[in-house]
Amino acid sequence: MQLSEQELRRREEKSELEKLGINPYPSELFEVNVNIKDILENYEKQKTDYKNISIAGRLMSRRIMGSASFAELQDESGKMQIYFRRDDICPDEDKTMYNTVFKKLLDIGDIIGIKGYVFTTQTGEISIYVNEFKILAKSLKPLPIVKETKDEQGNVVSHDAFTDPEQRYRQRYVDLIVNPNVRETFKKRTYLVNTIRNFLNDRGYLEVETPILQPIYGGAAAKPFKTHHNTLDMPLYLRIANELYLKRLIVGGFDGVYEFAKDFRNEGMSRFHNPEFTQVELYVAYKDYQWMMDLVEEMVEQIALKLHGTTEVKVGEKVINFQRPWKRFTMFEAIEHFTGVDISKMSEEELKATAKQLNVPIDDTMGKGKLIDEIFGEKCEAQLIQPTFITDYPVEMSPLAKKHRSKEGLAERFEAICNGKEICNSFSELNDPIDQRERFQAQLELGKRGDEEAMVLDEDFLRALEYGLPPTAGLGVGIDRLAMIMTNSNSIQDVLFFPQMKPEKKAVDPSVLFAKAGVREELIPILINLGMTNLEDLANVKTSKLFNDVCGMRKKMKLKDIKNPTMEEVQSWVD
RNA sequence: GAUUCCGUAGCUCAGUUGGUAGAGCAUCUCCCUUUUAAGGAGAGGGUCCUGGGUUCGAGCCCCAGCGGGAUCACCA
């Protein structure tokens, strides 16, 4: 690893501090009695409370002017100017703490604790007057620091912003330090989850945990990640959903259960898809999907209010209003609304013809349900910006949903669509075990025909249904999708702290290099132990010395079974 | 997967028909006691993503690869 000049300098500063008897990474706690947000909000009202403060954070900028300096301190709650004066930091003859430690050995990015008092500068900025400071952690890597100014309208303008998406996602910690709006986004995500949790707890539903490692994956149509348990010597799957487990709990006698679940799907990635994502699933006994729609409306409206203080949320150029009640369309109505075609009574052949007319791509494997779904997806979904419930999906697409109480071929199912994307999915749960078995069997048929996402038959789940599942309404809400809308984020990566990325760099594995040069496999560990990392290292020492070293290391590593190389052999590596 | 754009200093980015590698910030030295993108004077810092090719000469042109973004298609 090649260190930059600035990194080397910071390492030297670290040893300078140690030479001065200052531990750059002290162990003892640093008492903090206030944060920046608190000062900004309350100092003007209650100045006497801020005569003796102790605060810690990261040094974000410095303006040194001879024997006085201004700097900026950032803690979790915000940023504030701090003021240093040499003769206050160092009241005695010895000016080391200011002249050397502060001016020379401190850098932007260092974490410090300060004691002092709050005051207002001549230019009217609330600042902290530093009486003493302490280094709490030395930072060895320079931060991509963002400077900010305000234009005439008072808008904050960033300069040299840290914007490279790759760097931001790979080094989220840096992103969080220098881009305060990123912290806000993730706080909102947590408030969103908390709001849902409180909402469900208030209604008496029980938060539960169910297996992530599952012997049979189910509850959704998706490709799973597969792994293996050594002791049991069996395959296991990372869950694609937790639906079937939560329904087992309803069978067990709980009237309402929910779980915030990380689910895993081995599928494509995009700005809407990450291999692992979060859903909250909720199941409530003795309810149906109509009831669940009311719950979703109320819950999501409450989220908007909690996060924004209003039901109106700005997303891109649009304003989305989550105020109840939301528009409700059956799928047929939605299609008729957007295409002018009433497909509710059409046969499979007529549907095919309609799809072709509407330029909806189809293929011969598609049945009636799939055709309807395609037409909807192609012609309607993207146009639904304001939150809208779409109800009554084709039953073929919903193998875990109850058949519609009155409409042939449909299921009691709804999705809420918002900003052109599904944010939740819900149905009256299928609780007829015989029907459920048949639906699974139909899925098996699809699987045999090569549908990789077809569901697998879960005998234990069917057994649970046979004991009796009360009529139940179920719901799944995509937390990431909802968080994207609620935080005005364009990509799922912006609402996941650590989105999935390709590995950073192919580490050049020396053993591969050596193997290519014709080194016997068993000798490679010896070379690595000798500190050789590439072929140049081999070429840089005399062949005879290399030969001696290898034989010596072989002995040291007690590799009796390995034959020493010959001189010719060693020579051949370098050639 | 398809299309398309990008990769130059620690950061943000310029770089002309192909002719010695540039700016601002950051860093270092000096000056400066209320500054605020502080200021003034000076200095250091580069595998121009990698590997080939064309050329007297490549950051620039060509080919291949790596990494990333955006858009589109399937899944939430």
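Below, all heavy atoms of this structure are taken into account, side chains as well, without hydrogens, waters or symmetry copies. Chain A is the first sequence line, chain B the second, and so forth, proteins listed ahead of strands; every chain is numbered from 1.
A:Ile108 has its CD1 atom 7 Å from the P atom of B:rA26, to the nearest Å. Here the C1' atom of nucleotide B:rA38 and the CD1 atom of A:Ile82 are 16 Å apart, to the nearest Å. The separation between A:Leu400 atom CG and B:rA76 atom P is 13 Å, rounded to whole Å. Atom pair A:Glu415:CD and B:rA76:P shows a separation of 8 Å (rounding to whole Å applied). Between the P atom of B:rC11 and the CZ atom of A:Arg170 lies a distance of 15 Å, rounded to the nearest Å. As rounded to whole Å, 14 Å separates atom C1' of B:rC28 from atom CG of A:Leu8. Rounded to whole angstrom, the span from the NZ atom of A:Lys103 across to the C1' atom of B:rU27 amounts to 16 Å. Between A:Glu267 atom CD and B:rA73 atom C1' the separation is 14 Å, expressed in whole Å.
By the 30° and 60° cut-offs, the orientation of the rings of A:Tyr83 relative to A:Phe119 is tilted.
Distances from the side chain of A:Glu422 to the nucleotides B:rU34, B:rU35, B:rA76 place B:rA76 closest. Listed nucleotides B:rC74, B:rU35, B:rA76 differ in distance to A:Glu374; the shortest reach to its side chain belongs to B:rC74. In the set B:rU34, B:rG69, B:rA76, B:rA76 carries the atom at the smallest distance from any side-chain atom of A:Arg481. When the nucleotides B:rG10, B:rU34, B:rC11 are ranked by their closest atom to the side chain of A:Pro142, B:rG10 comes out on top.
Tested against A:Val315, the residues A:Asn490, A:Ile320, A:Thr487, A:Ile385 include a single side-chain contact (heavy atoms from CB on, under 4.5 Å) partner, A:Ile320.
Every residue two or more places apart in sequence or in another chain was checked for a side chain to side chain donor-acceptor pair (under 3.5 Å) with A:Lys379, and none qualifies.
The separation of B:rA41 from B:rU4, taken at their P atoms, amounts to 49 Å, rounded to a whole angstrom. Spacing between B:rC62 and B:rG22 at atom C1', rounded to whole Å, works out to 27 Å. Remark: the separation of the C1' atoms in B:rG7 and B:rC60 is 14 Å, to the nearest Å. Here, B:rU47 and B:rG42 have their C1' atoms 29 Å apart, quoted to the whole Å. Straight-line distance between the P atoms of B:rU29 and B:rG69: roughly 39 Å, to the nearest whole Å. Taking atom P on both nucleotides, B:rU16 is separated from B:rU20 by 12 Å, rounded to a whole Å. Between B:rA26 and B:rC63, the distance separating the two P atoms is 41 Å to the nearest Å. Here, B:rU12 and B:rC30 have their C1' atoms 28 Å apart, quoted to the whole Å.
Residue-level contact check: A:Asn274 touches the bases, meaning some heavy atom is under 4.0 Å from a base atom. A:Glu5 comes within 4.0 angstrom of a base, heavy atoms only. Within 4.0 Å (heavy atoms only), A:Arg86 reaches no atom of the nucleic acid at all. When heavy atoms are screened at a 4.0 angstrom cut-off, A:Phe264 is found touching no nucleic acid atom at all. Among the protein residues, A:Glu125 comes within range of the nucleic acid bases, having at least one heavy atom under 4.0 Å from a base atom.
As the counterpart of B:rG67, B:rC6 is assigned, both hydrogen-bonding distances of the Watson-Crick or G-U wobble pattern falling under 3.5 Å. Using Watson-Crick or G-U wobble geometry with both donor-acceptor distances under 3.5 Å, B:rG19 finds its partner in B:rC56. Across all strands shown, B:rA76 has no partner, as no Watson-Crick or G-U wobble contact with both distances under 3.5 Å is found. Base pairing annotation: B:rC11 forms a Watson-Crick or G-U wobble pair with B:rG24, both donor-acceptor distances under 3.5 Å.
There is no side-chain donor-acceptor pair under 3.5 Å between A:Arg172 and A:Gln167. A:Gln500 and A:Asn274 share no donor-acceptor pair across their side chains, judged by distance under 3.5 Å alone. Side-chain atoms of A:Tyr283 and A:Glu281 form a donor-acceptor pair, as typed in the model, at a separation below 3.5 Å. In the model, A:Tyr393 has a side-chain atom that pairs as donor or acceptor with a side-chain atom of A:Glu415 under 3.5 Å.
Heavy-atom distances to RNA chain B give each of A:Thr120 and A:Gln6 a nearest nucleotide, and the one nearer the 5′ end belongs to A:Gln6. When the nearest nucleotides of RNA chain B are assigned to A:Ser270 and A:Asn490 by heavy-atom distance, the more 5′-ward of the two goes with A:Asn490.
Note that A:Lys327 lies outside the cation-pi zone of A:Phe389, set by a 6.0 Å cut-off to the ring centre and a 45° limit from the axis. Taking the ring centre of A:Tyr258 as origin, the terminal cationic atom of A:Arg197 falls outside the region bounded by 6.0 Å and 45° from the ring axis.
Side-chain nitrogen and oxygen atoms of A:Arg271 include at least one within less than 4.0 Å of the OP1 or OP2 phosphate oxygen of B:rU71. The side chain of A:Arg85 places no N or O atom within less than 4.0 Å of a non-bridging phosphate oxygen (OP1 or OP2) of B:rU34.
Scanning residues 62-73 of chain A for heavy-atom distances under 4.0 Å to RNA chain B yields A:Arg63, A:Ile64, A:Met65, A:Gly66, A:Ser67, A:Ala68, A:Phe70.
Remark: aromatic rings of A:Phe497 and A:Phe186 are close, center separation under 6.0 Å.
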